[in-house]
> 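The structure's right below; bear with me while I get my questions together.
Atoms within each ligand, like the ligands themselves, are counted from 1 in listed order. Fair warning: this is a prediction, and the values are worked out from it, not measured in the lab.
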Amino acid sequence: MASALIRPGVFAVGAKDWDRRLFDSLIPLPDGTSYNSYLIRGSQKTALLDTVDPAMENVLLEHLQELGVGNIDYIVAHHAEQDHSGAIPAVLKRYPMAKIVTNPKCKGFLIDLLRVPAEQFVEVQDGEALSLGDRTLKFIYTPFVHWPETMVTYLVEEKMLFSCDFFGAHLATSDLYVTDEGHIQESAKRYYAEIMMPFHTNIEKNLQKLQGYDIQIIAPSHGPIYNHPEFILKLYHSWVFDEPKNIAVIAYTSMHGSTQLMVNHLNEALEKRGVEVKQFNLADSDIGKLAMALVDASTIIIGTPTVLAGPHPSAVYAAVLANALRPKLKNAAIIGSYLWGTRAVEVLKSLVPNLNVTLLDPVMIKGKPKEEDYAALEKLAEEIAGKHAVK
Ligand code: FEO
């Protein structure tokens, strides 16, 4: 795979990781990912914007060699996470005169993570510009997309935004630019759900901050480049600002079938009342799909059997995940089965302090559901449909 020309003097020099299937030992990557790095050659100075994951540092170095890059003046670090910063030591080894350009917080993180010497850095402030001769880099602080130090760069002459993780999509593709918008929408939403959604209030502020810039191209650090940026800007706007939809997510697990019967019944009862249901069996669900469903849902229902007097560990995992992702949910409910005693509701409730939801009456039953249990599920469905109908 070669480097690619984006604009005169602006090159994509990063790496595609087609085979990676897990990020942060947590996030599924069904379509791999890319670590995008960009080279900008000005009339006087050369800058490299971000590097790549250290596992692929040789790809980046080969691309620089292929372009005949003899000198790098600046390595701009937008974000300290190692999938973008991890190859900085390898780049410095080849280009020892390069200065790392970043904000003071990111500088501290990079020193902690990579043990780069402090004298290698040039600190920049929010809104500060750096001239490469005929090209100007303007640095914009965008905190918490998704770490506190994150920032982006605006290439003034090309009206191009280098956004790092912001607007990214975990996707390895041969396309330099977005071509299949449906596919990108899926990957970008998955990315938003898993990585950005917990910080949606910060995203809101950063989207507003970027409104002051004429942006013709967005070049993120994961996935293809947006040469029609309104596509991704509109999507982010809807994910952040839109009211939750008439959707209920059922995340559940079942051991001997009783909770499964309850879930099946509740699902139908909700659908009968016009509520869209997204159902996830936690025994084998892709948690990325669960996270994506939570972007739009109004209600989450956690279904759990009782294990050792408490919720099943899979249900605990779903509750902890939903709590960490901070979706715009409005309602939550717990359903499940036990035999001689249960603290499942009490434990699950304690795990979701970040969810700003109305907790509906739980439906916890003894053993296999009876008529009155199904009636309780009908009542729950009626309540959920009623709440969804209120705008
Ligand atoms: Fe792509 Fe937060 O690293």
> Using 30° and 60° as the class boundaries, would you call the ring planes of Tyr226 and Phe231 parallel, tilted or perpendicular?
tilted
> Just checking Phe162 against Tyr38, ring centres under 6.0 Å apart?
yes
> Taking atom NZ of Lys370 as the centre, does the number of heavy atoms from other residues, nucleotides or ligands within less than 6.0 Å exceed 12?
yes
> What are the protein N, O or S atoms, given as residue plus atom name, that sit under 2.8 Å from atom 2 (Fe) of ligand 1?
His79 NE2, Glu81 OE1, His146 NE2, Asp165 OD2
> Who pairs with Glu119 by salt bridge (Lys or Arg N to Asp or Glu O under 4.0 Å), at least two apart in sequence or on another chain?
none
> I'd like to know whether the aromatic ring centres of His170 and Phe23 sit less than 6.0 Å apart in this structure.
yes
> Any Lys/Arg nitrogen of Asp112 or Lys107 sitting under 4.0 Å from an Asp/Glu carboxylate oxygen of the other?
no
